[in-house]
Asks: 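First the structure, which I've put down as structure tokens, then a few questions once you've had a look.
Below, all heavy atoms of this structure are taken into account, side chains as well, without hydrogens, waters or symmetry copies. Lettering of chains follows the sequences in order, A, B, ..., and the numbering in each one begins at 1.
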Amino acid sequence: MHDIKFIKNNPELFDAGLKKRNLEPISREILSLYNDYLKVLSQKEEFQKKRNDLTKEISILSKEQSLDKVEVLKKEVLKIKESINLFEKNASENYGKLNLKLLSIPNNIHENVPIGKSEEDNVVLSIKGDDRVFNFKPKNHLELGESLKMLNYDQAQKISGSRFSVLSNDLALIHRALVNYLLDTHTQENNYSEIIVPELVKSKTLEGTGQLPKFSDDLFHTSKDLWLIPTAEVCLTNLNRDSIINSDLLPLRYTAYTNCFRQEAGASGRDTKGLIREHQFGKVELVSITLPEKSDNELERMCECVEKILKNLDFKYKKVSLCSGDIGFSSSLTFDFEVWMPGQNKFVEVSSCSNCSDFQSRRMKMRIKDQKSNEIFFPHTLNGSGLAIGRIIVAILENYQNSDGSVNIPKVLQTYMGGKKKIESN
RNA sequence: GGAGAGAUGGCAGAGUGGUCGAAUGCACCGGUCUUGAAAACCGGCAAGGAUGCAAGUCCUUCCAGGGUUCGAAUCCCUGUCUCUCCGCCA
């Protein structure tokens, strides 16, 4: 959500920001809606003042027993009320139009974001980790999972349809091990608080983080008017919606493991089978709430938390800065982490860390009160995957596979799997 | 699912039709005292919006949405949520 006053004072700057996202200028339209609203608003307030004044007068006259005068004034107020109602209706209509427009405009782009049109223009910041050397042709995770008989798509298809999977035995165990390893690391080493959150939320919640009103097609909506969350970011960021937080409590750092549900409407035909792109997947999420001047550092810190995991799992990965044409709606600056998948011969995204600046906090009216100055302002919100479980399983299968189809278990996960060192079919 | 109670400022908690945006306490901020701190005392302290260079002025807000009234935190209706008791249940 953008500050309407900023748009009013800096229309060219605002439109220039949109241009970076390859969007048309919109400040003129916004300001015209805003002016319509203000005009009606001031008219409404004028009549409200008249009403309030007369009402006070009635109160005094009643005490003086000047009943005739009171009757006259009462009639006058009734007329004024008609005007108030009319202007009130117009004002709220105008406000609704303005608000819907504002809610549909993406966040500003951070100055460090590379300018570009699409995915192609993203900038690789670093590549770390060693290449894995195979003396055989590495299989992809589907072949591996199915030959191990731990990944079953007939069953998944039967109970839920496409873009779902059924994991069993050691793959189910490694899923659970990963969740525990990730949560332990983030809580014990990275100072995040572990939270368990609902996976069904109200539309207001999704509006706060930016999924609604624009992206309902990507979401699952239930018959009770609740929505399945596409990421735990939605819950964690909204925990402090509509409230004022004391500045000395910052930064707030939350982590949660949840299932995430996505329609993948725009991805039909892509990755239809396997753990890469599913309607339901597990993810450990990181969310930070910080002072505005600290959010750049916090994003770096969050990336370090993610990188630590990727290093411990001994993956080859790259850090990518998303360009202005590819960056998400709510984000001002995003770094993706992509892990090398030998079975597919490419890098695949396993984490995305974003600084959403004050875009989400404005939408959800989450504010900070400075203890010293008593000033009230919007904090910055950040979120990052730490990490997507399904895709990490893919990475483990493909990177740790042996020629016989068995898969070694990464060292850091072995204690989470009862000391087991290898996954093999039995 | 049945019966009852409730929702007020950062928090706690008064307030049942007319200067109530709202007593009081805590927290917080400023000051006095102190070598410093604590305590004590004095003062300040809700949010959002409009307008204005500013001081200020005005509007809105006591869970949400309707209604009654000249006037609603206060009365009525609906919804949401919370608590207590009973039933059921993982």
Asks: Could you tell me whether K283(A) and E278(A) make a salt bridge, using a distance below 4.0 angstrom between a side-chain N and a carboxylate O?
Replies: no
Asks: Are E71(A) and K74(A) close enough, and set up right, to give a salt bridge (Lys or Arg N to Asp or Glu O under 4.0 Å), and what steps lead you there?
Replies: CA-CA 5 Å; E71(A) 283 311 310; K74(A) 278 187 185 180; 3.6 Å; yes
Asks: Roughly how far apart, to the nearest Å, are rA39(B) and rG30(B) at atom P?
Replies: 15 Å
Asks: Quick test of your reading of the model: are E298(A) and R253(A) salt-bridged, counting only N-O distances below 4.0 Å?
Replies: yes
Asks: E375(A) has an atom CD; how far is it from atom P of rG30(B), in whole Å?
Replies: 14 Å
Asks: Do Y192(A) and L183(A) have side chains that get closer than 4.5 Å, going by heavy atoms?
Replies: no
Asks: Using a strict cut-off of less than 4.0 Å between a Lys/Arg side-chain nitrogen and an Asp/Glu carboxylate oxygen, indicate whether K19(A) and D15(A) qualify as a salt bridge.
Replies: no
Asks: Who is the Watson-Crick or G-U wobble partner of rA90(B), with both distances under 3.5 Å?
Replies: none
Asks: Using the C1' atom on both, measure rG67(B) against rU57(B) and round to a whole Å.
Replies: 32 Å
Asks: Is any NZ, NE, NH1 or NH2 atom of the basic residue among D358(A) and R362(A) found under 4.0 Å from an Asp or Glu carboxylate oxygen of the other?
Replies: yes
Asks: Applying a 3.5 Å limit to both distances, which nucleotide forms a Watson-Crick or G-U wobble pair with rG17(B)?
Replies: none
Asks: Y95(A) has an atom OH; how far is it from atom P of rG48(B), in whole Å?
Replies: 13 Å
Asks: Nearest-Å distance, CG (L73(A)) to P (rC70(B))?
Replies: 12 Å
Asks: K49(A) has a side chain; which of rA47(B), rC59(B), rC70(B) sits nearest to it?
Replies: rC59(B)
Asks: May I have the distance from K89(A) (atom NZ) to rG66(B) (atom C1'), rounded to whole angstrom?
Replies: 16 Å
Asks: Using the P atom as the point on both nucleotides, what is the distance between rG71(B) and rG18(B), in whole Å?
Replies: 14 Å
Asks: Identify the nucleotide, in any strand shown, that forms a Watson-Crick or G-U wobble pair with rU84(B), with both distances under 3.5 Å; if there is none, say none.
Replies: rA3(B)
Asks: I'd like a list of close polar pairs between nucleotides 51-56 of chain B and the protein, N/O only, cut-off under 3.5 Å.
Replies:
none

Asks: How long is the line joining CD1 of I58(A) and C1' of rU19(B), in whole Å?
Replies: 15 Å
Asks: Provide, to the nearest angstrom, the distance between the CG atom belonging to L54(A) and the C1' atom belonging to rU69(B).
Replies: 15 Å
Asks: Between rG52(B) and rG9(B), how far apart are the two C1' atoms, rounded to whole Å?
Replies: 28 Å
Asks: Considering only atom C1', compute the distance from rA22(B) to rC76(B) and round it to an integer number of Å.
Replies: 23 Å
Asks: Extract from the structure each pairing of a protein N or O with an N or O of nucleotides 71-80 of chain B at less than 3.5 Å, listing the distance.
Replies:
{"residue": "rG71(B)", "atom": "OP1", "partner": "K81(A)", "partner atom": "NZ", "Å": "2.7"}

Asks: So, is R367(A) near the phosphate of rG48(B), with a side-chain N or O under 4.0 Å from OP1 or OP2?
Replies: yes
Asks: What is the base-pairing partner of rC28(B), counting Watson-Crick and G-U wobble geometry with both distances under 3.5 Å?
Replies: rG44(B)
Asks: Taking OP1 and OP2 of rU60(B), is either one under 4.0 Å from a side-chain nitrogen or oxygen of N52(A)?
Replies: yes
Asks: Would E29(A) and K101(A) pass as an ion pair if we require N to O under 4.0 Å?
Replies: yes
Asks: What integer distance in Å separates K44(A):NZ from rC58(B):P?
Replies: 17 Å
Asks: Can you find a side-chain donor-acceptor pair between T205(A) and N238(A) that sits under 3.5 Å?
Replies: no
Asks: When rounded to the nearest 0.5 angstrom, what distance separates OH in Y37(A) from OG in S32(A)?
Replies: 15.0 Å
Asks: In the structure shown, which nucleotide is the Watson-Crick or G-U wobble counterpart of rA22(B), with both distances under 3.5 Å?
Replies: none
Asks: Does the structure show a Watson-Crick or G-U wobble partner for rG56(B), both distances under 3.5 Å? Name it, or say none.
Replies: rU51(B)
Asks: Calculate the interatomic distance between Q43(A) atom CD and rC58(B) atom C1'; express it in whole Å.
Replies: 15 Å
